Amino acid sequence: MTASTNPRRILVAVAWPYANGSLHLGHMAGAYLPADIFARYHRLAGNDVLMVSGSDQHGTPVTVRADNEGRTAQDVVDQFHPEFLRYWSELGISFDLFTTTGTKNHEAVVHEMFLALLKKGYIYKGTTQQFFDTEAGRFLPDRYVEGTCPNCGYEKARGDQCDNCGRTLDPEQLLNPKSKLTGATPEMRDTEHFFFKLSAFGPQLLEWLKSREGWRKHVQNYSIGWVEEGLHDRAITRDLEWGISIPVEDLGPGKRIYVWFEAFIGYLSAAKEWSEQQGDPEAWRKWWEDAAAETYYFIGKDNIFFHTIFWPAVLMGYEGLNLPTNVPANQYVTFKGEKASKSEGIGDSVLSYLERYQPDMIRYGLAANLPETSDTDMTEAEMVRRNNDELVATWGNLVNRVLAMTAKNFDGRVPTPGALDDADQRIIDGATKVLAEVAAHIESAHLKAGLASAMSFAQEANAYLSEKEPWKTAKTDLERTGTTLFVALTAINALKVAFYPYLPFASANIHTYLGANGVLQDFGWDATPLEPGTALREAAPLFRKIDLEAEGAARASA
RNA sequence: GGCAGCGUAGCUCAGAGGUUAGAGCAACCGGCUCAUAAUCGGUAGGUCGUUGGUUCGAUUCCAACCGCUGCUACCA
């Protein structure tokens, strides 16, 4: 409806989770929820959004779990990929496609890109030395080598780092190195690999990074600092059996493409896969090749290097595909001051939250405290508090009280307003203003601020009701009461849109309660004026108030 | 060790070279009763991590230090 005549094309690229375990709320807050809020806003604003990601099947974490449990890597993937799909469906994370890196399509796209870069001379062959476990018959990643730290003498230092003194290490520095797989003493062997000529892109990357505007400073400064230190070429193949094959024979068997070199190519292959599914195999080009298209990568802070340096360099080398418009990487959510853990408390699997709470409650709790500029701390009690004091009390109650009064005094129909006074007009204007404000915040990836703007207008609307006291005027002046409720309904009608990216389930309900037909998504990012006389539908409270102690008791006795 | 981000009210977080530093919650006082004992108004609460420096003026800029987090190139 408001779909502009010239819709922007927005690619929302979201981190690929390793299919090696359940996700926790920190993952949601770090990447998936922000991406979804951003995507939902842009769709409603009439832009062409393509939101993609998928399970990362490859990489060490998946094989580690498989080894530990005596299963195949594929078996592990087959367990967690469906679980991820459940999160998205139940939490309302609206991917256009959530695929995996195990598809034929992905392999083909990776091969094509590899060969193109090889042909251009950005990929070359080289030899390195690496520890080899003769008992296991395989090369060992640095992490798989354990030994005594040459710096502090700690005996369980890993090949990449000593956990005791924090020193970064090379595995050959370890005294008395042992394989973590078998305990055997590994030997150094030559191994041949392909390298990506990252060093060739330093100046180009630096110029690009310095010219970015609107990026978060921790993302931009960090990236610039890294490039300024000087870029080294990186091996993009590994001595592994699990992963994407190398499209040339040169290296012999037992080698695969490095997981990170192919994972980010997934953003492109997923777009292509989606296009195939749409019956329009060339559709992806509109997001990847048209320079006017915008690309946003939603990731956690640990992935910044890959998205602001490595992937852009690959794209620069390949040529013809869009570089990131912005990479609004988030910091971490900690739980009671500690980094999210998969084993306890709020760091529990997302599913355990979905069992107890409404998805909008979870979305609100996370969105209100997103780690946009620094790590944020969260507890279950704080999420419940926000639900009760903000979501239920301010927003849910506003909707409920206005609809109830309208049902009671106006037979459940939108009243016809009389003359508007200043207070009325302020709210009517505010309804338009809040949509503009929230939009501006979301556009600049200040999602927390967008939510705060919406909530703040809900408070204004509550204050307006206190001032107008429609429950009193209902006894004396029905026209005045009608005007008040009409104005309040107008505010709610706008807020349902403003809150939609954050609370899609509740907004869909409000849309229905307000007597509108069709789905909210088709009405655009504006407040379609309410038609006096429209019949409202029977409403139920939007959010459930939570008594944490009672819930705790129920859970304890369950 | 190096690099980056952060350190602001009891709690969770905003903010900015300059009139009395903000929000929500918690506390206290008052109003209202339409609403999921929800709401509205008000009061109180901070030497803005520490120490120096630049400046007419810094909590905001700079330096050092302390603390937290991440990265440090074969974990991704």
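Chain naming here is simple, since letters A, B, ... match the order of the sequence lines and numbering starts at 1 in each. Since the model is a prediction, treat every value here as computed from it, not as a measurement. All heavy atoms count here, side chains included; hydrogens, waters and symmetry mates do not.
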Categorize [X] for me: base, sugar-phosphate, or nothing, with a 4.0 angstrom heavy-atom threshold over every strand shown.
X      : answer
A:L542 : base
A:L231 : base
A:P470 : nothing
A:G230 : base
A:F543 : base
A:F306 : base
A:V392 : base
A:T376 : sugar-phosphate

Using the [atom1] atom as the point on both nucleotides, what is the distance between [M] and [N], in whole Å?
N     : M     : atom1 : result
B:C25 : B:U20 : P     : 27 Å
B:G24 : B:A14 : P     : 16 Å
B:G46 : B:G10 : P     : 7 Å
B:A27 : B:C48 : P     : 27 Å
B:C34 : B:G49 : P     : 48 Å
B:A26 : B:U69 : P     : 30 Å
B:U54 : B:G17 : C1'   : 12 Å
B:A21 : B:U39 : P     : 29 Å

Taking the nucleotide of RNA chain B with the nearest heavy atom to each, does A:E460 or A:L465 sit closer to the 5' end?
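It is A:L465, whose closest nucleotide lies nearer the 5' terminus.
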
How do A:N303 and A:N400 order along RNA chain B: which one's closest nucleotide is nearer the 5' end?
A:N400

Give the intermediate values and the outcome of ring-ring contact (aromatic ring centres under 6.0 Å, His included) for residues A:F306 and A:W260.
CA-CA 8 Å; A:F306 292 97; A:W260 253 111; 4.1 Å; yes

Atom [atom1] of [X] to atom [atom2] of [N]: distance rounded to whole Å?
X      : N     : atom1 : atom2 : result
A:N462 : B:A23 : CG    : P     : 18 Å
A:Y464 : B:C34 : OH    : C1'   : 14 Å
A:W260 : B:C71 : CH2   : C1'   : 14 Å
A:N388 : B:U39 : CG    : C1'   : 15 Å
A:R401 : B:A37 : CZ    : C1'   : 13 Å
A:K468 : B:A35 : NZ    : C1'   : 20 Å
A:M378 : B:C11 : CE    : C1'   : 14 Å
A:N68  : B:C75 : CG    : C1'   : 15 Å

Counterpart residues, salt bridge (charged side-chain N to carboxylate O under 4.0 Å, His left out), relative to [X] (two or more places apart):
X      : answer
A:R256 : none
A:E479 : none
A:R537 : none

Protein-nucleic acid N or O pairs under 3.5 Å, nucleotides 31-33 of chain B:
unit_1, atom_1, unit_2, atom_2, d
B:C32, O2', A:W471, NE1, 3.4

In chain order, what residues pass the side-chain hydrogen bond (donor to acceptor under 3.5 Å, both in side chains) check against [X], with sequence neighbours excluded?
X      : value
A:K301 : A:Q331, A:D375
A:E382 : A:R385
A:R426 : none

Any side-chain heavy-atom pair from [X] and [Y] closer than 4.5 angstrom?
X      : Y      : value
A:N303 : A:V327 : no
A:M378 : A:L366 : yes
A:Y144 : A:F139 : no

Tabulate atom names and distances for all N/O pairs under 3.5 angstrom spanning the protein and nucleotides 24-26 of chain B.
unit_1, atom_1, unit_2, atom_2, d
B:G24, O2', A:R385, NH2, 3.2
B:G24, O2', A:E390, OE2, 2.8
B:C25, O3', A:D389, OD2, 3.3

Side chains of A:H193 and A:T237: any donor to acceptor distance under 3.5 Å?
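The criterion, which ignores hydrogens and geometry beyond distance, is satisfied for A:H193 and A:T237.
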
Distance-only polar pair, side chains of A:E372 and A:H446, donor-acceptor under 3.5 Å
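The criterion, which ignores hydrogens and geometry beyond distance, is not satisfied for A:H446 and A:E372.
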
If you look only at pairs with a residue in residues 456-474 of chain A, which of them pass as a salt bridge (charged side-chain N to carboxylate O under 4.0 Å, His left out), with sequence neighbours excluded?
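As it turns out, the salt bridge (charged side-chain N to carboxylate O under 4.0 Å, His left out) pairs with a partner in residues 456-474 of chain A, which skip direct neighbours, are A:D421-A:K468, A:E469-A:K472.
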
Pairwise salt bridge (charged side-chain N to carboxylate O under 4.0 Å, His left out) hits with a residue in residues 230-245 of chain A, at least two apart:
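Residue pairs with at least one partner in residues 230-245 of chain A: A:D239-A:K255.
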
Might you work through the side chain to side chain donor-acceptor pair (under 3.5 Å) test for A:D424 and A:Y464, ending with a clear yes or no?
CA-CA 8 Å; A:D424 300 328; A:Y464 165 82; 2.6 Å; yes

Interatomic spacing from OG1 in A:T484 to CG in A:D477 - rounded to 0.5 Å
8.5 Å

Only Watson-Crick and G-U wobble pairs, only distances under 3.5 Å, only runs of 3 or more: what stems does that leave for RNA chain B?
B:1-7 with B:66-72, B:10-13 with B:22-25, B:27-31 with B:39-43, B:49-53 with B:61-65

Write down the protein N/O and nucleotide N/O pairs, taken from nucleotides 2-7 of chain B, whose separation is under 3.5 Å; answer none if there are no such pairs.
unit_1, atom_1, unit_2, atom_2, d
B:G5, OP1, A:N221, ND2, 2.5
B:G5, O2', A:Q331, NE2, 3.4
B:G5, O2', A:T373, O, 3.1
B:C6, OP1, A:K217, NZ, 3.1

